[in-house]
Amino acid sequence: MPNVNDGVQTYDLGNFQLKSGITLPNAVVAYKTFGDSSLPAIMYPTWYSGSIADNEWLIGEGMELSPKKYFIVIAAMFGNGQSSSPSNQAAPMNGPNFPYIAVADNVRAQYTLLTEKFGIKHLHAVVGWSMGAGQTYQWGVSYPGFMDYLVPFCGSARTAIHNQVFLESIKAALTADTEGFKGGNYGDKKPEVGLKAFGRVYAGWGFSQTWYREEIWKKQFGFKTLEEFLVGFWEAWALSKDANNLLCMLETWKNGDISAGEPFNGDFEAALRSIKAKTLVLPGHTDLYFPPEDSQYEAEHLKNGICESIPSIWGHWAGGPGDSKDDVKWLDERLSRFLNGKG
């Protein structure tokens with residue numbers, strides 16, 4: 001297995017003041033770059049639980065996000081275990097004491113990285129899947145003149161109430177393991193019972209009903225039974241993560257809203273209208289927690305927005321992390337048309 005930290009670097013943000021007013025001491029943002037810095041730049045943020053390496057499936061020679069064509073920066077969210085996170089922050093802000101992170105905090109950290117470390121004054125595009133899509137929208141609101149294109153796929157500008165219900169369910173599954181979780185003070189011994197339950201609840205949301213009905217887990221991943229899939233895929237995924245990191249990012253996700261605070265104070269449609277960049281919104285046709293109708297509503301209030309559903313049965317996984325090769329091909333071709341000004 002390749003090391004997920006290969007090529008990953010960190011940029012010191014110093015004492016980073018969060019949107020909440022709390023200062024995160026000695027904060028760092030982790031990143032990895034592809035291509036020459038003289039090329040048009042693209043920001044590509046990570047997604048819920050994902051490492052920087054988990055974004056690389058969409059980058060490569062012969063693809064639209066080619067290092068020969070663009071300078072691509074993958075930046076890790078706070079809480080993912082590579083940027084400042086509950087799992088790596090020094091006391092007293094480690095573990096369950098790590099502060100709440102807003103989506104806007106992640107975006108400002110990325111902006112600081114681009115402008116201070118690389119001297120970038122303008123981006124060709126920001127692209128992102130899932131929580132990366134939420135960051136993509138936030139980029140358009142926080143720095144509306146900084147990029148030409150935005151491509152949020154399988155994500156949203158504001159976390160819907162139904163989505164919040166899903167998040168509360170996986171949070172409850174994890175924290176119900178009171179003996180293992182210990183209020184987040186579990187030390188080096190992971191709350192395995194809670195993490196396994198977290199993974200099993202997530203399993204009903206990540207892929208679509210049709211995906212399960214057609215038993216794609218057998219064809220794609222080689223599992224013989226549903227139980228093998230739940231254990232070998234979903235429980236294994238959850239057990240590979242730090243529980244406090246998952247909860248940190250979950251709160252960021254749950255509270256995602258580009259209209260929160262000044263200057264929009266909850267006027268969501270005004271926040272969408274403030275985005276200047278040409279925006280291609282790509283929901284998954286069968287996504288259970290970022291449904292196409294939510295994306296269509298968002299696109300209708302953008303000044304330069306297009307909405308097109310990814311025609312896939314892979315649910316949320318239509319937009320990543322690259323397991324469905326047909327969806328990768330569709331997404332790459334759609335990115336190519338849009339980022340080259342062809343609609």
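Small disclaimer: the values here were computed from a predicted structure and weren't measured.
For NZ of K117, the number of neighbouring non-hydrogen atoms (other residues, nucleotides, ligands) closer than 6.0 Å is 12 at most. Other residues, nucleotides and ligands contribute more than 12 heavy atoms inside 6.0 Å of the NZ atom of K19. Other residues, nucleotides and ligands contribute only 12 or fewer heavy atoms inside 6.0 Å of the CD atom of Q209.
Not a single donor-acceptor pair under 3.5 Å links the side chain of S85 to the backbone N or O of S87. Put simply, the side chain of N245 never gets that close to the backbone of S49: no donor and acceptor are under 3.5 Å apart. Judged purely by atom type and a 3.5 angstrom limit, N340 has no side-chain atom pairing as donor or acceptor with the backbone of K342. Side-chain atoms of T279 never come within 3.5 Å of backbone atoms of G305 as a donor-acceptor pair (strictly under, hydrogens ignored). The main-chain N or O of F290 is never found under 3.5 Å from a side-chain atom of N163 such that the two would form a donor-acceptor pair. With Q89 contributing its side chain and P25 its backbone, the two residues share a donor-acceptor pair below 3.5 Å.
In this structure, W314 is a member of the same hydrophobic cluster as F166, with clusters built from ILVMFWY side-chain heavy atoms closer than 4.5 Å. V73 is connected to W139 through a chain of hydrophobic side-chain contacts under 4.5 Å among Ile, Leu, Val, Met, Phe, Trp and Tyr, so both are in one cluster. Under the 4.5 Å side-chain contact rule for hydrophobic residues, L247 and W205 share a cluster. Taken together through direct or relayed side-chain contacts under 4.5 Å among Ile, Leu, Val, Met, Phe, Trp and Tyr, M147 and L339 form parts of separate hydrophobic clusters. Under the 4.5 Å side-chain heavy-atom criterion for grouping Ile, Leu, Val, Met, Phe, Trp and Tyr, V193 is not connected to L246 through any hydrophobic cluster.
Ring centroids of F198 and F181 are separated by 6.0 Å or more, keeping the two rings apart. Residues F223 and F233 keep their aromatic ring centres 6.0 Å or farther apart.
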* To do: Please test Y149 against F338 for ring-ring contact (aromatic ring centres under 6.0 Å, His included), starting from the C-alpha separation and ending with a verdict.
  => CA-CA 8 Å; Y149 298 100; F338 186 69; 5.1 Å; yes
* Apply the test ring-ring contact (aromatic ring centres under 6.0 Å, His included) to residues F16 and F78: give CA-CA distance (whole Å), side-chain angles for both, the deciding distance (0.1 Å), then the verdict. => CA-CA 12 Å; F16 190 76; F78 288 128; 5.8 Å; yes
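One side chain, S142 or Q138, offers a donor N or O that lies under 3.5 Å from an acceptor on the other. Side-chain N/O atoms of D294 and Y289 include no donor and acceptor closer than 3.5 Å. The closest side-chain donor-acceptor pair between T23 and N15, if any, does not fall under 3.5 angstrom. A donor atom on one side chain and an acceptor atom on the other are found under 3.5 Å apart for S259 and D257.
Salt bridge status for E215 with K224: absent, with no side-chain N to carboxylate O gap under 4.0 Å.
The only member of F118, Y31, F34 that meets ring pair (Phe, Tyr, Trp, His ring centres under 6.0 Å) when paired with F71 is F118. The ring pair (Phe, Tyr, Trp, His ring centres under 6.0 Å) test with H316 singles out one residue from W129, F207, W47, and that residue is W129.
No cation-pi contact links R158 to Y297, judged by a cut-off of 6.0 Å to the six-membered ring centre and 45° from its axis.
The aromatic rings of F229 and F221 lie parallel to each other, their planes meeting at an angle below 30°, with 60° marking the opposite boundary.
Among pairs with a residue in residues 79-103, none fulfils ring pair (Phe, Tyr, Trp, His ring centres under 6.0 Å), at least two apart in sequence or across chains.
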